[in-house]
Protein chains: 2
Amino acid sequence: MLDTGFTLIREKGYAATRVDDICAAAGVTKGGFFHHFRSKEDWAAAVAAHWGEVTSSLFADAPYRDLADPLDRVLGYVDFRHMILQGSTAEFTCVAGTLVQEIHLESPAIRAAAAAAIFGHAETLVADIAEARAAHCPQADWSPESLAAFTQAALQGAFVLAKAKGGPDTARAIVDHLRRHVEMLFGVPHGSGGLKAGAGH
Amino acid sequence: MLDTGFTLIREKGYAATRVDDICAAAGVTKGGFFHHFRSKEDWAAAVAAHWGEVTSSLFADAPYRDLADPLDRVLGYVDFRHMILQGSTAEFTCVAGTLVQEIHLESPAIRAAAAAAIFGHAETLVADIAEARAAHCPQADWSPESLAAFTQAALQGAFVLAKAKGGPDTARAIVDHLRRHVEMLFGVPHGSGGLKAGAGH
DNA sequence: ACAAACATACCAACCGGTCGGTATCTTTGA
DNA sequence: TCAAAGATACCGACCGGTTGGTATGTTTGT
């Protein structure tokens with residue numbers, strides 16, 4: 001019921017998703033739905049929270065997490081995001097970003113849950129960025145938090161442009177620029193290291 | 001009727017905006033509304049097209065456009081975007097981005113109009129970027145188009161994070177990183193030149 | 001036995017869109 | 001010149017399918 005929310009919200013948005021759609025997709029009836037959720041809004045907030053958990057474990061278990069060097073992990077993160085930009089927009093775009101863009105002023109509960117997913121994910125990057133910064137450019141005039149936020153903005157924006165264009169190509173070019181940004185900040189030559197080499201794109 | 005659409009869509013999104021809301025805000029009746037637009041969808045597509053025109057003239061008339069050096073114009077653009085990040089999210093976020101994120105799969109007409117506004121705006125940056133690239137780094141391995149797209153992604157993403165956080169502060173920090181990205185690409189020292197100096201933020 | 005987990009039937013409000021009608025402006029013809 | 005004819009702009013009551021939510025019954029696990 002929460003998982004089907006991912007598809008529904010990414011395909012139709014929150015307001016256009018009907019409770020009956022959710023029931024049909026999840027194989028339950030309306031009575032069952034309202035047994036578990038006080039309202040449609042309550043459901044959407046739960047979906048956002050669930051999205052945060054699912055993505056959390058996706059990135060925690062990703063192979064780049066095992067790299068020894070913190071900068072490799074940061075670049076590995078960017079490359080991993082590049083890699084998962086595949087299929088239709090409904091497959092790779094962000095549920096939390098879609099929700100928050102649509103209802104940020106109408107539903108504080110959904111907004112808060114989606115914001116927690118987004119900024120909670122950004123938070124997981126901060127430690128690696130801080131370590132890499134200390135090792136490569138301790139005098140830099142930017143904070144680890146601001147770079148983490150910038151990566152999330154570039155990705156969320158990549159999703160918006162991908163939806164406008166209808167495919168992942170534009171988004172991949174944007175993530176390429178994001179990688180270049182990280183490389184330049186840390187003073188590493190373009191294209192070196194990371195999981196990207198040999199991935200063939 | 002088109003202008004009120006900017007506020008409505010930014011505050012409630014497309015699906016949650018009722019035709020009655022539009023009529024009340026614009027001071028017309030339902031009959032009048034459907035006299036000018038075949039459907040609500042038709043109206044939204046017109047709003048997206050109008051948004052493209054309004055932003056087009058906003059940036060065409062901005063002061064940074066008069067700068068002689070192409071790189072100054074590119075940096076001036078980024079600084080201008082930084083400057084207009086003021087007030088509530090409903091005042092500075094992008095109508096086309098909001099629309100496309102919500103209905104890209106449900107309404108091809110709205111998607112196309114919003115995409116035209118976004119990529120049409122990006123297109124206006126390409127000439128300046130190409131000139132600056134030729135002057136400062138003709139061997140660079142990135143295209144003017146890809147950088148233009150990257151700026152739009154960073155901005156659209158900044159809007160998403162701003163909506164999640166509830167104010168423009170996060171968005172400004174993201175645009176700061178965007179400026180740094182442009183500076184590094186063109187090899188200029190951080191914080192030099194442009195309209196930002198003395199603007200006091 | 002009993003509460004949690006469903007299902008069925010139903011409702012009242014809502015909402016996009018229609019329709020007959022009116023007021024005003026433009027064109028036409030003699 | 002001016003009235004008949006037609007086009008355009010606009011109004012607001014109304015329609016009927018939709019929708020989030022409820023009330024009540026049934027099944028299931030312990």
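The chains referred to below are lettered A, B, ... by the order of the sequence lines, with proteins before strands, and numbering in each begins at 1. These numbers come from the heavy atoms of this one structure, side chains and all, not from hydrogens, waters or symmetry mates.
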Residue set satisfying side chain to side chain donor-acceptor pair (under 3.5 Å) with Tyr14(B), at least two apart, ordered chain then number -> none

Gap between atoms NZ and P, on Lys12(A) and dT18(D) respectively (whole Å)
13 Å

Tell me the interatomic distance from Trp43(A), atom CH2, to dG21(D), atom C1', rounded to whole angstroms.
16 Å

Per-nucleotide protein contact along nucleotides 6-24 of chain C, 5' to 3', at a 4.0 Å heavy-atom cut-off (B base, S sugar-phosphate only, - neither), is BBB------SBBB------

Between Phe59(B) and Phe80(B), how do the two ring planes meet: parallel, tilted or perpendicular, split at 30° and 60°?
perpendicular

Quick one: sort the Phe150(B) and His177(A) rings into parallel, tilted or perpendicular, breaks at 30° and 60°.
parallel

Does any part of the side chain of Leu185(A), heavy atoms only, come nearer than 4.5 Å to the side chain of Trp142(A), both counted from C-beta?
yes

Salt bridge (Lys or Arg N to Asp or Glu O under 4.0 Å) pairs touching residues 122-132 of chain A, sequence neighbours excluded, are Arg65(A)-Asp128(A), Arg73(A)-Asp128(A), Arg73(A)-Glu131(A)

